[in-house]
There are 2 protein chains.
Amino acid sequence: MNLKELSNRLKLSQTTVSRALNGYPEVSADTRRRVAEMAEKLGYAPNSQARRLATGRSMAIGHVIPRSIHEMMNPIFLEFIAGAGETYSKHGYDMIISVVEDDHEEDAYRQIATRKKADGVIIHGPAANEGRHRLLREINLPFVVHGRIPGAETETSWVDMNNRRAFERATNLLLDLGHKRIALLNGLEHMDFARRRRKGFEDAMSARGLVPDTGIMRSSDMTEPYGCDNAMEMLKSDNPPTAFLVSSMISAIGVARAIGQCGLETGKDVSIITHDDALSFLPNSGEVPIFTCTRSSVRYAGQKAAELLLDHIAEPDRQVSSLHLDAELIIGQSTGPAPGR
Amino acid sequence: MNLKELSNRLKLSQTTVSRALNGYPEVSADTRRRVAEMAEKLGYAPNSQARRLATGRSMAIGHVIPRSIHEMMNPIFLEFIAGAGETYSKHGYDMIISVVEDDHEEDAYRQIATRKKADGVIIHGPAANEGRHRLLREINLPFVVHGRIPGAETETSWVDMNNRRAFERATNLLLDLGHKRIALLNGLEHMDFARRRRKGFEDAMSARGLVPDTGIMRSSDMTEPYGCDNAMEMLKSDNPPTAFLVSSMISAIGVARAIGQCGLETGKDVSIITHDDALSFLPNSGEVPIFTCTRSSVRYAGQKAAELLLDHIAEPDRQVSSLHLDAELIIGQSTGPAPGR
DNA sequence: AGTTAAATCCAAAGCGGTTTGGATGCCGGG
DNA sequence: CCCGGCATCCAAACCGCTTTGGATTTAACT
C-alpha cells in the first residue's frame, strides 16, 4: 500500500492525500477526515526511505561507539542510550548505533555525514585530547556532547553533571566525619569526567590543608574486581585508608566485598562513598540506601541530551546551549565516623 | 556531491558510474579505476536513503525494546547488542533501536514493516506466552529469536544457549560436592530462559532423589540487592542452604556480600555457582576465577544471531536454522565441599 | 571483407514520497 | 453580470540512486 494506491482509492491526487496526512492547511476538514479514515483502514504508512529522500532529512540520530572494551561498552552507556531513545521515539526519530573498530571511528562519522545516515550525533565519553567536535564541525554534522570537551566548553552544546563539585562534596562529607586518609578509585583519567572528579577530590583535600596521597589513588576501567583488588591491597598495607571514594557502583561493590573479606565492616571500620548513575539493575534506593553516594541519573542526561540535539537540528543557527546537572548527595549505610574518633 | 555531479565530472553516464562503484561486470577495468579515483578524490558516497529507496532494501536491522525496567534494559542486552552490531557493520547494515512504551511494542513492529524501516528484527527475551513471532510472520518481517519460544522451537530460527543443561551440570557439581540444600536465585520465571534453568536444577535434584525446596527458590529481576537480600534472609533462617545457584553474576555478587556480612566465607562455608554471561565490565577470569560458573558469551550469541538473520534476509526461502550454544562449566573459588563432609 | 558476438556505455524509467506552481469552482461585492 | 479572492485540489518536477533495455564500438571468426 503506497501513496499512489491510496490516492487512487480515494479518487484524489497524491498531493492532496499527502497534505491531508501531514496536516497542511490547503485541504478541507472533510477531505482530511476521509483520507485519515481510508489510510487507517488500508493500513497505510509512508515509506520512510522515500520520505527521507524527498525531505532531505533522515530523521535519525547516530551514536557511534568504538568496539573496544574500554569504558563505552558499559552499562552506563546503555542507560544513557535508553534515555535518549525515549526522547527520539517521542519525536519520531530513529536511533542508529554503529559499533566500529576503534581506528574507524572518524570514518564512521564521515559516512554518517556523506551518506546522510543521520541528522546529528551524540559524542560519548569525551577524553583529554578530544578531536571529534572539530571533525563534526568540519563535516557540518550537528552534535551534542555527553560530558564536556576540555577547552571547548563554550563553543559546544553539552549535557554533563557537575563531576568536580559532586566529588568535592563527597570528599567534604568524609572529611567532616573525621576521615583523613581517603583512597580514590577513579575511572580512566584520560576521560574528562574522571579528571574533573579527581579535581574535586583534590580541591576538597587541599582546602583542609591535606595532601592527597597518590599511593592510594587509582585510575582504571570501573569493573568489580578493580574495586575489590585495589581495596584489598590497600587495606592490607601498613597504612590503610579509612575511607574510599569510588567512581562507580560496580567498583564500590567490589570494595565492599574486599572490606568483608578483610573481616571489616563497611560503614563502621571503613567508609565508602560512590558515584551512583542510577542504573536500573543496581538499585541503591530504599529508606537508607546501601551506599552513601552522589547520585545523578544518566538516563535523564540521555533524555536531555537528545532533546538538545533535536532542538539544534530544528533550528540550526541557534546558539549553543548546555545543561549542567547537579548530583544529589545521599547518605546511606556505607559511611560513618572515622574509627577512633 | 552526488552521482550526477560525479558522472558529469567524469564525462560518463550515471549508469556507468554506479555500476563501476558497485562492482558490476559491464565496465572496463580502466574506467572502473578512473571512477574509483575520482569518487575518492571528491569524497563521494551514495546517499543511503536514495539507495534504499531504489533497491527496496533498507539495509538495517531493528531491535525494539520496551521501555520498562524489567529485564531488557540490562547489561546482558547491551552486550548482545554489541555483538550483533559488530556483525552488522561488517556487512554494511545499520542497527536501529527503538525504545518504546510497553504497550506500543506491537505497533513498533508494524511500523518497521509498513514503513520499511528495517529488513528484519531480533526478538529479545522470549517469554512464556510469546506472540511476537506470529505477529512478525503475519507482517512478513524476517526475524531471529535470541532465546527460544516455547512451542515454536522448530518453526523459528533462534540462537540460544543450553540453559537447562548448564543448570543441570551446575547442580550436579554441587551435589557431587555433597551439597543437599541448594538455593536457587533465578531470573524472572515468566521468561523462557529462566524456566529452562529451573528445569535443569529440578531435573538434577530429582535424579538424585532430592526434592527441591521451594522455600529457598526465588525468581526476580537479577539485581545486586536481590541476591544480597534473599541470601541474607535464607542464611539467617533455621535451615540455611549450603549452596546457591544463581542466574547472574550481578546477583551472585550480592549473594557474596550477604555471605560476608554473615561472617561466613564464600567457597568454604557457603558455595555459589552463577551463570556468567561474560560481560566485559564484570570479568570473572584469571587462573582461578572468583566465581565458579557456567559461562557463555552473550556477545558471541549476538554476533551469531545477527549472522543468521542476515543469511535469512539474503535467502528468504531458506530453511529455518538455529544455533544451540553450550555453556562451559568453570571451577572458581566460590565452590567447595559441603560443610561437615 | 562480412558477420557475429562480446565489451562498453548510455538514456530513461522507476522507487515512493514531498513540494512547487498552477487550475478550478464557488463566493460576495460593485 | 462580471470580477477578484479564497478555498480546494491537481499535474508534474524533484530527491539521488539502481536497473532495464538498447545503442555503439571493438574484437573475433569464417
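Sequence lines set the chain letters: A, B, ... in the order given, protein chains first and strands last, and positions in each chain run from 1. Side-chain atoms are counted along with the backbone in the values below, which use heavy atoms only and exclude waters and symmetry mates.
- Computed from coordinates, the B:Leu42 CG to D:dG16 C1' distance equals 16 Å when rounded to whole Å.
- For the pair A:Asn8 CG and D:dC9 C1', the computed distance is 15 Å after rounding to whole Å.
- Between atom CG of residue B:Leu78 and atom CG of residue B:Leu279 there is a gap of 8.5 Å, rounded to the nearest 0.5 Å.
- Ionic pairing of A:Lys304 and A:Glu307 is present here: one or more N-O contacts between side-chain nitrogen and carboxylate oxygen are shorter than 4.0 angstrom.
- Under 4.0 Å is where a charged nitrogen must lie from a carboxylate oxygen, and between B:Arg110 and B:Glu106 at least one such pair does.
- In this model, the phosphate group of D:dC17 is approached by a side-chain N or O of B:Tyr44 to a distance below 4.0 Å at OP1 or OP2.
- Note on A:Ser18: a side-chain N or O is less than 4.0 Å away from OP1 or OP2 of C:dT18.
- A salt bridge links B:Arg33 to B:Asp30: at least one charged side-chain nitrogen sits closer than 4.0 Å to a carboxylate oxygen.
- When the shell of 6.0 Å around OH of B:Tyr300 is examined, it contains 12 or fewer heavy atoms from other residues, nucleotides or ligands.
- Less than 4.0 Å separates DNA chain D from at least one heavy atom of each of the following residues of residues 50-57 of chain A: A:Leu53, A:Ala54.
- Looking at every heavy atom in both residues, A:Arg32 comes nearest to A:Gly23 through NH1-CA, 3.3 Å.
- Within the 4.5 Å cutoff, the side chain of B:Glu138 has no heavy atoms near those of the B:Arg134 side chain.
- In this structure, the CE atom of B:Met59 is 14 Å from the C1' atom of D:dC17, given to the nearest Å.
- OP1 and OP2 of D:dC15 both lie 4.0 Å or more from every side-chain N or O belonging to B:Asn2.
- Between A:Arg52 and A:Asp94 there is a salt bridge, with a side-chain nitrogen of the basic residue lying less than 4.0 Å from a carboxylate oxygen of the acidic one.
- Across the protein-nucleic acid pair, A:Leu21 atom CG and C:dG16 atom C1' stand 14 Å apart, rounded to whole Å.
- The OH atom of B:Tyr24 sits 7 Å away from the C1' atom of D:dT19 (whole-angstrom rounding).
- For the pair A:Met1 CE and C:dG16 C1', the interatomic distance rounds to 13 Å; values are reported in whole Å.
- When the shell of 6.0 Å around CZ of A:Arg115 is examined, it contains more than 12 heavy atoms from other residues, nucleotides or ligands.
- Straight-line distance from the CD atom of A:Gln49 to the P atom of C:dT18: 13 Å, rounded to whole Å.
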Enumerate all atom pairs, one protein N or O and one N or O from nucleotides 9-11 of chain C, separated by less than 3.5 Å.
unit_1	atom_1	unit_2	atom_2	d
C:dC9	OP1	B:Thr31	OG1	3.1
C:dC9	OP2	B:Ser28	N	3.4
C:dC9	OP2	B:Thr31	OG1	2.9
C:dC10	OP2	B:Ser13	N	2.7
C:dC10	OP2	B:Ser13	OG	3.2
C:dC10	OP2	B:Thr16	OG1	2.9
C:dC10	N4	B:Arg19	NH1	2.6
C:dA11	N7	B:Thr15	OG1	3.4
C:dA11	N6	B:Thr15	OG1	2.5

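- Taking every side-chain heavy atom of B:Asn47 into account, D:dC17 is the closest of D:dC17, C:dG17, C:dT19.
- Spacing between atom CG of B:Leu3 and atom P of D:dC15 amounts to 13 Å, rounded to whole angstrom units.
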